[in-house]
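These notes concern the structure reproduced below.
None of these values were measured; they are calculated from a predicted model.
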Amino acid sequence: MIVGRTLMPRLACAATLLAAALPASAQYGSAPPPAPPPPIPRGDSGQSAAAAPAAPATPAQLHGGAACLIARNANAADALLATGPYSAAERQQAVRLLGEMQRCTRPRQTFTSSAVAIRGALAEAVYEARFTAPAAARSPALAARPLLQPSEVASGTDAAALGVGYALAECTAAQHPELVIAFLQTEPASPAAQAALQALNPAFVACVVPGTQISLDGRTIRGILAEDLYRWSVVQRDGPTSPLAAAPAPATTAAAH
């Protein structure tokens, strides 16, 4: 998407794809979500989940699996959310958690997804579980430290290009948490989600330099917004001692006369 007078989401692919040779595999990338496959009634098919070939996860499968896992174990995603986005550690955690999500929901057909999408779905589930009411902003303002750490990004991925989108989400979550919450309350990939994303347009425009080009699809920006909202909310709740709080600006000393 290009931020200027208007902001329209467009699909883009990340530079690096890392596929795992497991039924519950994780990849990097932000490919557009596939069309949902026709439902397979339980008990009507002789093909087991283990025998069925894995397919790309639909938004409903991914968010359903994340919600199921967090409902069973509220801390299940903490290790993943402690990793840096696009890092090797993130990928390892995402592969593990995708398997747990599928064991939780027992889908008729196993599915694959990206590390970014897995992380985003779990971040959304964690936020919904831990913040039943919106966090109140502190005064003076207290920011969360940036989610994306370029030094942790895996080799071969353009950290600088990613940084613009992550900064957009960080700014938006802090400046307009109510709009992000409204977006997250919609069903993923639904008309209501598209409308809520469009309602975020003025906030997006205000958070970047006009004309900036950002390559993020709707599913990816949803996940990043969810995690940035969660991190910002934790900092508002816990204050400057939170490990997620941004480091205070260095104090300036008056010039000697």
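Q109 contributes a side-chain N or O that, together with a main-chain N or O of P53, makes up a donor-acceptor pair within less than 3.5 Å. Judged by distance alone, with hydrogens and angles left aside, the side-chain atoms of R138 form a donor-acceptor pair with the main-chain N or O of Q236 at under 3.5 Å. In this structure a side-chain-to-backbone donor-acceptor pair under 3.5 Å is present from T172 to L168. Between the side chain of E152 and the main chain of Q149, no donor-acceptor pair closer than 3.5 Å is present. A donor-acceptor pair under 3.5 Å is absent between the side-chain atoms of E227 and the main chain of E124, judged by distance alone. T132 places no side-chain N or O within donor-acceptor distance of the main-chain N or O of E128, the cut-off being under 3.5 Å. E170 places no side-chain N or O within donor-acceptor distance of the main-chain N or O of L147, the cut-off being under 3.5 Å. Checking side-chain atoms of S242 against main-chain N and O of L244 turns up a donor-acceptor pair under 3.5 Å.
A distance of 9.0 Å separates NE2 of H63 from CG of L122, quoted to the nearest 0.5 Å. The CH2 atom of W232 lies 10.0 Å from the CG atom of L142; values are rounded to the nearest 0.5 Å.
Side-chain contact between R222 and L184 is present, with at least one heavy-atom pair separated by less than 4.5 Å. Under the 4.5 Å side-chain criterion, counting only non-hydrogen atoms from C-beta, D228 is in contact with I224. Side-chain contact between P85 and Y166 is present, with heavy atoms from C-beta onward closer than 4.5 Å.
In summary, the side chains of R119 and T83 do present a donor paired with an acceptor at a separation below 3.5 Å, with no hydrogens or angles considered.
The shortest heavy-atom contact between R219 and A117 is CD-CB, 4.0 Å.
The pair D78-R130 meets the salt-bridge criterion, since a charged nitrogen lies less than 4.0 angstrom from a carboxylate oxygen.
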